[in-house]
**Q** 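Take this structure, written in structure tokens, and hold onto it; I'll ask about it next.
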Amino acid sequence: MKSILSFGRAWGGSLVLAAAVLFSSAASAEEETVPERDRRLISQALEAMPAQRPGQPDLYVVGFAGDGNEDVFRNEVLYLEQLVNTRFQAQGRVIGLVNHFDSLDEEAPRPLATLDNLDQTLAGIGEAMDPDEDLLLLFITTHGSEDHELYVELPPLLDETITPGALAGALEASGIRNRVVVVSACFSGGFLPALRSPDALVITAARKDRTSFGCGAASHVTWFGQAWLVEALNHHDDFIRAFGDAKQEVTRREQADGYDASHPQMHVGERIGPVLDAWRSSIEPGPAVAYPYQAPAVPASDAADGP
């Protein structure tokens with residue numbers, strides 16, 4: 001079966017039809033639907049993970065790029081993979097869920113970012129890791145709504161949302177205790193109450209009633225993604241210190257450009273600190289990783305849209 005991309009990147013009729021057939025449960029027996037393909041890809045990634053190492057805190061990483069209408073969210077998750085592999089020795093324990101038509105390319109397929117796929121990924125990692133000493137980093141980047149829902153879109157395949165309760169439920173069902181959850185989206189502070197835990201560090205790009213900035217067709221990285229992921233984590237192996245730097249940089253940029261403050265938020269559970277310390281003491285951070293994506297040549301007025 002040909003890759004969807006063999007029909008072209010444009011949102012033309014042939015591409016839409018091919019995508020819809022692949023996603024449909026009515027596809028012929030010779031065809032693999034997208035959900036079936038995703039389950040297979042996730043299972044293969046989980047099976048290929050290195051064995052858990054007793055006495056060695058391991059970092060497991062999941063990236064989730066929810067809105068496939070813009071490249072910026074895909075860019076951040078692909079960069080996250082490079083960063084944690086190079087700087088934080090997470091090789092083999094990283095899974096990216098990415099809503100973008102590039103993910104459907106047979107040459108380099110990726111599972112799409114859906115709640116079902118996140119459930120499967122987290123459940124598999126929960127089985128693989130030691131709940132006492134290992135650590136999850138879940139990085140979610142997408143658009144968010146005033147009603148505190150995260151957009152999961154890839155027309156015509158996906159048009160869904162994820163609520164705070166659904167995300168918290170997926171994490172709890174996985175059995176993963178020690179976790180760092182980063183939600184980079186507008187109004188993402190609305191996820192804090194549901195995600196709080198004594199064993200969690202939760203970071204959001206904005207307060208529950210504020211937008212964040214840097215999505216849009218003209219953007220290659222969100223403002224919070226630039227500040228926390230690209231800049232701060234290339235200087236620190238400490239997620240909490242990185243948040244302090246990122247919040248300061250985002251505030252500086254908003255003030256300089258005349259935008260209302262997004263007020264990034266952080267919750268530090270009372271038991272997560274020693275776990276983070278143990279993990280940091282077990283690694284030797286690698287070199288800084290350059291961000292490889294450039295802003296597309298489109299009107300700059302779109303670049304500061306809120307995610």
Side-chain angles (χ1 to χ4, degrees), residues 23 34-35 38 62-77 80 96-100 103 111-123 136-174 176 179-197 200-217 219 221-225 228-229 250 259-267 302 304-307:
F23 196 72
V34 170
D38 287 353
V62 177
F64 188 99
D67 195 316
N69 292 298
E70 299 165 10
D71 290 348
V72 62
F73 307 118
R74 175 207 59 182
N75 293 352
E76 291 188 352
V77 166
L80 169 74
L97 307 177
V98 179
N99 286 342
H100 196 281
S103 295
L112 298 183
T114 68
L115 182 58
D116 284 346
N117 289 347
L118 183 61
D119 283 339
Q120 180 186 352
T121 301
L122 294 176
L136 170 74
L137 169 60
L138 171 60
F139 180 83
I140 298 173
T141 179
T142 188
H143 288 290
S145 76
E146 293 183 74
D147 296 326
H148 307 136
E149 294 178 331
L150 300 176
Y151 289 100
V152 174
E153 293 188 356
L154 184 61
L157 303 182
L158 298 172
D159 183 9
E160 305 172 0
T161 58
I162 295 178
T163 65
L167 180 56
L171 287 162
E172 289 301 318
S174 72
I176 297 172
R179 56 208 191 215
V180 177
V181 182
V182 181
V183 185
S184 181
C186 285
F187 311 106
S188 48
F191 279 73
L192 270 175
L195 299 179
R196 289 178 187 270
S197 162
L201 169 65
V202 184
I203 292 171
T204 69
R207 204 168 65 185
K208 66 180 182 179
D209 58 346
R210 296 297 180 95
T211 60
S212 56
F213 303 100
C215 68
S219 183
V221 62
T222 63
W223 288 14
F224 187 81
W228 188 78
L229 189 64
V250 167
Y259 288 99
D260 291 338
S262 55
H263 293 300
Q265 303 286 297
M266 179 171 65
H267 158 79
D302 295 337
D305 289 348

**Q** How far apart are the C-alpha atoms of L201 and R179, what are their side-chain angles, what is the distance that settles it, and do they pass the side chain to side chain contact (heavy atoms under 4.5 Å, CB included) test?
**A** CA-CA 6 Å; L201 169 65; R179 56 208 191 215; over 6 Å; no
**Q** Taking only residues two or more places apart in sequence or in another chain, which ones pass side-chain hydrogen bond (donor to acceptor under 3.5 Å, both in side chains) with E149?
**A**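 Once residues adjacent in sequence are excluded, E149 has no partner under the side-chain hydrogen bond (donor to acceptor under 3.5 Å, both in side chains) criterion.
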**Q** Given side chains that start at C-beta, do those of V183 and L150 come closer than 4.5 Å, heavy atoms only?
**A**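 Yes. Closest side-chain heavy atoms under 4.5 Å.
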**Q** List in chain and number order the residues that pass side-chain hydrogen bond (donor to acceptor under 3.5 Å, both in side chains) with T161, two or more places apart in sequence or in another chain; answer none if no residue qualifies.
**A**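 Scan of T161 (side-chain hydrogen bond (donor to acceptor under 3.5 Å, both in side chains), adjacent residues dropped) gives none.
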**Q** Given side chains that start at C-beta, do those of T142 and F64 come closer than 4.5 Å, heavy atoms only?
**A**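 No; the side chains remain at least 4.5 Å from each other.
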**Q** Using the test side-chain contact (heavy atoms from CB on, under 4.5 Å), find all partners of A194 that sit at least two apart in sequence or belong to another chain.
**A**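 Checked A194 against side-chain contact (heavy atoms from CB on, under 4.5 Å); matches are P164, A168.
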**Q** When you compare the side chain of C186 with that of H143, does any pair of heavy atoms fall below 4.5 Å?
**A**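 Side-chain contact under 4.5 Å: no.
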**Q** Taking all atoms of both residues into account, what is the closest heavy-atom pair of A206 and A185, and its distance?
**A**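 It is CB-O, 4.0 Å.
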**Q** Determine whether L112 and L154 make a side-chain contact, defined as any pair of heavy atoms from C-beta on separated by less than 4.5 Å.
**A**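 In contact.
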**Q** Taking all atoms of both residues into account, what is the closest heavy-atom pair of L97 and A113, and its distance?
**A**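 Nearest heavy atoms, L97 then A113: O-CB, 3.5 Å.
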**Q** If you round to the nearest 0.5 Å, how far is CG of L136 from CG of L122?
**A**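 Between L122 CG and L136 CG, I get 6.5 Å after rounding to 0.5 Å.
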**Q** With a 4.5 Å limit on heavy-atom distance, are the side chains of F224 and S184 in contact?
**A**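 Yes, their side chains come closer than 4.5 Å.
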**Q** Nearest 0.5 Å, what's the CG-CD distance between D159 and E153?
**A**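 Here the interatomic distance stands at 5.0 Å.
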**Q** Looking at A200 and H267, what are the two nearest heavy atoms and their distance?
**A**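 Shortest heavy-atom separation between A200 and H267 comes out as O-CD2, 3.6 Å.
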**Q** Nearest heavy-atom pair of A205 and S188: which atoms, and what distance?
**A**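 Result for this residue pair: N-OG, 3.2 Å.
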**Q** What class does the angle between the rings of Y259 and F213 fall in, given that below 30° is parallel, 30 to 60° is tilted and above 60° is perpendicular?
**A**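 Answer is tilted, since the angle falls between 30° and 60°.
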**Q** Step through it carefully: locate the ring centre of F73, locate the ring centre of H100, and say whether they are under 6.0 Å apart.
**A**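 Judged by ring-centre distance (under 6.0 Å), F73 and H100 do not meet the cut-off.
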**Q** Kindly determine whether S262 and T211 satisfy side chain to side chain contact (heavy atoms under 4.5 Å, CB included), including the steps that lead there.
**A** CA-CA 6 Å; S262 55; T211 60; over 6 Å; no
**Q** Within this structure, what is the OG-CG distance for the pair S103 and D38, rounded to the nearest 0.5 Å?
**A**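 One finds 8.5 Å between OG of S103 and CG of D38.
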**Q** Just to verify, which of L171, V182, L195 counts as forming a side-chain contact (heavy atoms from CB on, under 4.5 Å) with L138?
**A**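 When side-chain contact (heavy atoms from CB on, under 4.5 Å) is applied between L138 and each of L171, V182, L195, only L171 qualifies.
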**Q** Can you list the steps and then say if Q265 with T204 is a side-chain hydrogen bond (donor to acceptor under 3.5 Å, both in side chains)?
**A** CA-CA 5 Å; Q265 303 286 297; T204 69; 5.8 Å; no
**Q** Hey, what do you get for CG (L118) to CD1 (I140), rounding to the nearest 0.5 Å?
**A**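 The CG atom of L118 sits 6.5 Å away from the CD1 atom of I140.
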**Q** Might you work through the side chain to side chain contact (heavy atoms under 4.5 Å, CB included) test for W223 and W228, ending with a clear yes or no?
**A** CA-CA 9 Å; W223 288 14; W228 188 78; over 6 Å; no
**Q** Walk me through it: do E70 and S219 pass the test side-chain hydrogen bond (donor to acceptor under 3.5 Å, both in side chains)?
**A** CA-CA 9 Å; E70 299 165 10; S219 183; over 6 Å; no
**Q** Going by the rule side-chain hydrogen bond (donor to acceptor under 3.5 Å, both in side chains), which residues pair with D119 if we only count those two or more places apart in sequence or in a different chain?
**A**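 Counting only residues at least two positions away or on another chain, D119 forms no side-chain hydrogen bond (donor to acceptor under 3.5 Å, both in side chains).
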**Q** State, to 0.1 Å, how close S174 and A123 come at their nearest heavy-atom pair, and which atoms those are.
**A**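 Smallest interatomic distance, heavy atoms only, reads CB-N, 4.0 Å.
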**Q** Step by step, work out the side chain to side chain contact (heavy atoms under 4.5 Å, CB included) result for E76 and V221.
**A** CA-CA 7 Å; E76 291 188 352; V221 62; 3.5 Å; yes
**Q** Does the side chain of N69 reach to within under 4.5 Å of the side chain of P155, using non-hydrogen atoms?
**A**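 Sidechains of P155 and N69: in contact.
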**Q** Using side-chain heavy atoms (C-beta onward) and a distance below 4.5 Å, is H148 in contact with T163?
**A**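 Answer no - side chains too far apart.
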**Q** List the residues meeting side-chain hydrogen bond (donor to acceptor under 3.5 Å, both in side chains) with R207, not counting sequence neighbours, and say none if there are none.
**A**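 Partners of R207 by the side-chain hydrogen bond (donor to acceptor under 3.5 Å, both in side chains) criterion, ordered by chain and then number, come out as D209.
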**Q** Taking all non-hydrogen atoms of both residues into account, name the closest pair between L115 and E160 and its distance.
**A**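 Closest heavy-atom pair between L115 and E160: N-OE1, 4.4 Å.
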**Q** How long is the straight-line distance from CZ of F187 back to CG of D147, given to the nearest 0.5 Å?
**A**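 Here the rounded value is 9.0 Å.
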**Q** What is the distance from atom CZ of R74 to atom CG of D67, rounded to the nearest 0.5 Å?
**A**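 So the gap between those two atoms works out to 13.0 Å.
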**Q** Do L229 and F139 touch side chain to side chain, with heavy atoms closer than 4.5 Å?
**A**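 Contact flag for L229/F139 side chains = yes.
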**Q** For E146, enumerate each residue passing the salt bridge (Lys or Arg N to Asp or Glu O under 4.0 Å) test, keeping only those at least two apart in sequence or located in another chain.
**A**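 Residues passing salt bridge (Lys or Arg N to Asp or Glu O under 4.0 Å) with E146: none at all.
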